[in-house]
Amino acid sequence: MPGLDQRAIAAALRRLAQILEIRGENPFKVRAHENAADALESGEFDAIEEARSGTLGKRKGFGEALVAKVAALAQTGELDELRELEAEVPAGLFEMLRIPGFGPKKVQAVWKKLGVTTVDELERACKDGRVEKLAGFGEKSAAKIREGIAFLRTSAGQYLRGAALAAAEELREALAKSRAVKRVEIAGSLRRGREVVKDIDIVASSRSPDKVMDLFRTLPQVAEVTGSGETKTSVRLQSGIACDLRVVRDEQFPFALMHFTGSKDHNVAMRARAQRLFNIRISEYGLFDETHGDALIPCEDEAAIHRRLGLSPIEPELREDRGEIEAAEHGELPALVTREDVRGTLHMHTHSSDGKAGVLEMAQAGAQMGFEWIGIADHSVSAFYAGGMKPDEVHRQFDEIEALNAKGSPCRILKGIECDILPAGELDYDESIWKRTDFIVGSVHSSFTMTEREMTARVTRALENPYLSILGHPTGRLLLRRDPFAIDLEAVIDAAAKHGRIIEINGDPNRLDLDWRWVKRARDAGVMLSLGPDAHRPEDLKHTWLALTVARKGWLEAKHVLNTRTAPEALKRLRKMRGA
DNA sequence: CTCATCGT
DNA sequence: CAAACCCT
DNA sequence: AGGGTTTGTAACGATGAG
């Protein structure tokens with residue numbers, strides 16, 4: 001077997017860590033493997049080269065054993081230890097680890113004591129009462145596991161927008177390079193900006209579809225071709241995501257793009273309306289005028305289709321059949337906020353808490369991406385698991401930021417903190433720290449299991465604090481992993497509106513929280529929103545764009561978004577909340 | 001109540 | 001498992 | 001210096017079993 005690349009080595013070490021964990025080995029040993037995998041994944045150094053030259057062992061976290069493992073994986077792609085242990089641990093156990101509340105110890109228990117090795121078996125064991133009889137488990141445990149399995153099932157086969165989009169853009173670019181391809185676009189729910197997707201749809205136009213299909217089938221990302229004809233090819237990528245490519249003649253491209261972008265409900269509504277008002281039939285191949293012998297009405301792009309149907313152009317993000325067609329009819333669509341409108345971005349971490357870079361590096365990355373200003377917001381002291389800052393650390397960081405701003409930072413840096421909203425609705429620290437900040441992002445990071453009433457009271461109380469500028473990731477959801485905590489968002493939005501507070505659209509690909517459906521309600525209630533990358537390393541600043549998509553999906557215009565302001569304007573808006 | 005486990 | 005610590 | 005041994009995440013809340 002050939003040697004593995006750095007990412008694959010990291011994945012192998014992570015797998016090993018999981019096996020060790022299920023086997024109940026020393027937690028520090030498990031952690032050591034995870035840390036090593038993290039380090040390799042960060043890509044900050046060439047581990048393969050360092051393993052070869054013998055310098056890897058000088059690195060913190062890499063001792064004799066891990067250096068040997070990395071070297072073996074780099075050279076042969078195999079590791080005896082991993083192969084042997086994998087043979088011992090049934091593959092289904094890893095899937096069980098994904099059940100919320102079901103960790104390595106419980107996996108071990110049901111495996112060893114009940115011989116359960118798959119999620120399906122576990123479900124049966126819950127139903128027939130074997131689980132609740134197990135020492136350490138009871139009726140409630142069994143019920144909770146069944147809930148967890150149900151959640152797992154609903155998220156099965158779905159992928160985060162962030163990951164799917166990256167894969168789709170690679171494919172699109174590969175296809176666009178071909179001379180046989182005239183036009184090519186990502187379609188489907190990905191184009192509509194949905195937060196999770198079940199597959200990737202790509203639409204292309206070409207005079208020689210077979211050539212395009214050939215190219216597509218042989219792309220390096222493709223693991224398996226599941227179907228292929230002259231208009232459609234379906235594949236599964238290495239990452240497991242299914243991907244469909246449709247190829248049409250160039251005249252048909254706008255119609256196909258619109259059809260495959262959906263949503264289904266949007267298409268149905270569009271078609272019914274076209275039929276009713278214009279006697280026009282819409283299909284993926286064109287607009288057909290039924291009063292004139294079903295003649296094709298040519299359109300060069302989607303905007304032309306919209307215009308022909310008496311509508312202003314409807315951006316893909318809005319095509320959810322939530323009033324966009326009526327708005328387009330009356331010329332009342334929002335002028336959606338664009339990348340060009342965005343001048344700054346705030347909510348990012350540095351090595352003062354759990355970030356991987358310093359303030360200056362983040363500022364440089366921000367400037368490079370064209371931001372005029374950034375806002376740092378490291379974790380507060382209660383977020384111990386994330387290395388939250390003690391008061392003196394806050395002052396030290398703020399001194400550094402002030403010095404940088406004074407001597408000419410790559411871009412203007414705003415001083416902020418991501419302050420924990422404690423269970424009673426208090427913010428971490430006190431006024432002596434708060435007053436030194438330009439802004440505070442207040443976030444819930446603990447006690448998620450409060451009742452809706454309690455949680456709502458907690459957050460609305462925090463919103464009354466004049467120093468809380470922005471409510472961070474308001475529902476705490478983790479896409480495909482954890483539901484939002486119970487909270488009355490209506491009441492939260494009202495409280496934010498009342499006190500002039502801003503609500504964050506967190507752009508972490510795992511969160512995308514506030515959800516777009518609520519973004520629109522916040523907007524309608526007069527609340528300003530802020531795009532937050534929640535970056536932990538310079539390259540994460542691009543999460544701003546994921547948040548931007550959510551904003552667009554929530555019908556936001558530039559005026560609704562803090563990030564479109566110049567630094568002085570943003571500061572003015574933030575200060576206003578404090579009554580200054 | 002204590003202990004184990006999980007999650008952040 | 002790695003790193004710090006303690007011992008001769 | 002080289003070895004064997006001990007210590008170390010980062011700290012706490014929620015939940016459930018017994």
Side-chain angles (χ1 to χ4, degrees), chain A residues 12-14 16-40 56-72 79 81-82 85 96-110 113 126 131-148 151 349 352-354 379-390 393 418 420-424 428 443-451 454-455 458 472-473 475-478 481-486 506 508 510-511 513 534 536:
Chain A
L13 292 179
R14 215 175 280 288
L16 186 52
Q18 276 192 324
I19 296 177
L20 296 172
E21 209 178 9
I22 290 175
R23 288 170 50 94
E25 305 244 0
N26 181 347
F28 296 105
K29 185 171 173 177
V30 174
R31 189 67 176 237
H33 285 82
E34 283 171 354
N35 287 341
D38 284 345
L40 261 49
L56 183 60
K58 292 196 178 67
R59 228 167 246 290
K60 207 157 148 65
F62 288 87
E64 205 182 335
L66 275 168
V67 168
K69 289 175 198 189
V70 171
L79 188 59
E81 185 190 8
L82 183 59
L85 291 179
M96 272 190 230
L97 278 178
R98 298 193 43 214
I99 300 170
F102 207 72
K105 297 288 185 337
K106 290 179 181 172
V107 168
Q108 197 189 19
V110 298
K113 293 189 186 157
C126 286
V131 165
E132 56 189 275
K133 284 205 215 67
L134 212 52
F137 293 79
E139 231 175 281
K140 285 196 179 174
S141 302
K144 212 172 149 230
I145 292 168
R146 287 170 70 172
E147 253 176 64
F151 181 84
H349 301 272
S352 292
S353 64
D354 58 354
H379 285 287
S380 64
V381 65
S382 289
F384 18 75
Y385 53 86
M389 298 181 290
K390 298 200 180 76
E393 293 175 285
E418 183 178 15
D420 268 43
I421 297 176
L422 303 174
D428 247 350
S443 305
V444 169
H445 286 123
S446 61
S447 301
F448 296 116
T449 53
M450 294 174 127
T451 64
E454 290 167 334
M455 189 62 91
R458 173 185 186 177
H473 47 73
T475 73
R477 76 174 180 187
L478 292 176
R481 280 193 286 150
R482 187 178 69 203
D483 282 331
F485 47 65
N506 187 295
D508 181 324
N510 296 295
R511 296 187 183 274
D513 178 18
D534 203 351
H536 287 77

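The chains referred to below are lettered A, B, ... by the order of the sequence lines, with proteins before strands, and numbering in each begins at 1. Quantities reported herein were computed from a predicted structural model and do not represent experimental measurements.
- Asp508(A) and Asn506(A) form no side-chain donor-acceptor contact under 3.5 Å, judged by distance and modelled atom types alone.
- Sequence neighbours left out, not one pair with a member in residues 98-107 of chain A passes salt bridge (Lys or Arg N to Asp or Glu O under 4.0 Å).
- Taking the C1' atoms as reference points, dT9(D) lies 23 Å from dC6(C), given to the whole Å.
- Taking the side chain to side chain donor-acceptor pair (under 3.5 Å) definition, one finds that Glu454(A) meets it with Thr451(A), sequence neighbours left out.
- On the P atoms, dC1(C) is 30 Å away from dC12(D), given to the nearest whole Å.
- Between the CD atom of Glu132(A) and the C1' atom of dG16(D) there is a distance of 14 Å, rounded to whole Å.
- Residue-to-nucleotide proximity on DNA chain D shows that, of Lys144(A) and Lys29(A), the 5′-proximal contact is made by Lys29(A).
- One can place CG of Asp420(A) at 14 Å from P of dT8(B), the figure rounded to the nearest angstrom.
- Under 3.5 Å, the side chains of Glu393(A) and Ser352(A) contain no donor-acceptor pair of N or O atoms.
- In this structure, Gln108(A) reaches neither bases nor backbone, as no heavy-atom distance under 4.0 Å exists between it and the strands shown.
- Residues satisfying the side chain to side chain donor-acceptor pair (under 3.5 Å) test with Asp38(A), not counting sequence neighbours, are Arg14(A).
- Ser382(A) pairs by the side chain to side chain donor-acceptor pair (under 3.5 Å) definition with Asp428(A), not counting sequence neighbours.
- Atom CZ of Phe485(A) and atom C1' of dT8(B) are 13 Å apart (whole Å).
- The residue Asn26(A) sits close to a base: some heavy atom pair falls under 4.0 Å.
- If you take CZ of Phe28(A) and C1' of dT6(D), they are 11 Å apart, rounded to a whole angstrom.
- Contacts of Ala383(A) with the nucleic acid, taken as non-hydrogen atoms under 4.0 Å apart, are absent.
- Bounding nucleotides for the chain A contact on DNA chain C, 5' to 3', at a heavy-atom distance below 4.0 Å, are dC1(C) to dA3(C).
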Can you give me every donor-acceptor pair (side chain of residues 23-37 of chain A, partner residue at least two apart or in another chain, under 3.5 Å) with its distance?
| residue | atom | partner | partner atom | Å |
| --- | --- | --- | --- | --- |
| Arg23(A) | NH1 | Glu88(A) | OE1 | 2.5 |
| Glu25(A) | OE1 | Lys29(A) | NZ | 3.4 |
| Asn26(A) | OD1 | Phe28(A) | N | 2.8 |
| His33(A) | ND1 | Lys29(A) | O | 2.9 |
| His33(A) | NE2 | Lys69(A) | NZ | 2.9 |
| Asn35(A) | ND2 | Arg31(A) | O | 3.4 |

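- Residue contacts for Glu64(A): at a heavy-atom cut-off of 4.0 Å it reaches the sugar-phosphate backbone alone, with no base atom in range.
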For nucleotides 10-12 of chain D, tabulate all protein N/O to nucleotide N/O atom pairs closer than 3.5 Å, reporting atom names and distance.
| residue | atom | partner | partner atom | Å |
| --- | --- | --- | --- | --- |
| dA10(D) | N6 | Arg31(A) | NH1 | 3.1 |

Using a 4.0 Å heavy-atom cut-off, write out nucleotides 1-7 of chain B from 5' to 3' as B (base contacted by protein), S (sugar-phosphate only) or - (no contact). ----SSS
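- The shortest side-chain heavy-atom distance between Met389(A) and Val381(A) does not fall under the 4.5 Å cut-off.
- Atom CD of Glu454(A) and atom P of dG13(D) are 16 Å apart (whole Å).
- Residue whose closest nucleotide on DNA chain D sits further toward the 5' end, between Ser447(A) and Phe137(A): Ser447(A).
- Partners of His536(A) by ring-ring contact (aromatic ring centres under 6.0 Å, His included), not counting sequence neighbours, listed by chain and number: His349(A).
- Arg146(A) pairs by the side chain to side chain donor-acceptor pair (under 3.5 Å) definition with nothing, not counting sequence neighbours.
- Remark: Ala424(A) pairs with Glu426(A), Arg461(A) by the side-chain contact (heavy atoms from CB on, under 4.5 Å) rule, at least two apart or across chains.
- Atom C1' of nucleotide dT9(D) and atom CD of Glu25(A) are separated by 18 Å, given to the nearest angstrom.
- For the pair Ser141(A) and dT15(D), the criterion of a side-chain N or O lying under 4.0 Å from OP1 or OP2 is not met.
- In this view, Phe448(A) and Phe485(A) satisfy the ring-ring contact (aromatic ring centres under 6.0 Å, His included) rule, not counting sequence neighbours.
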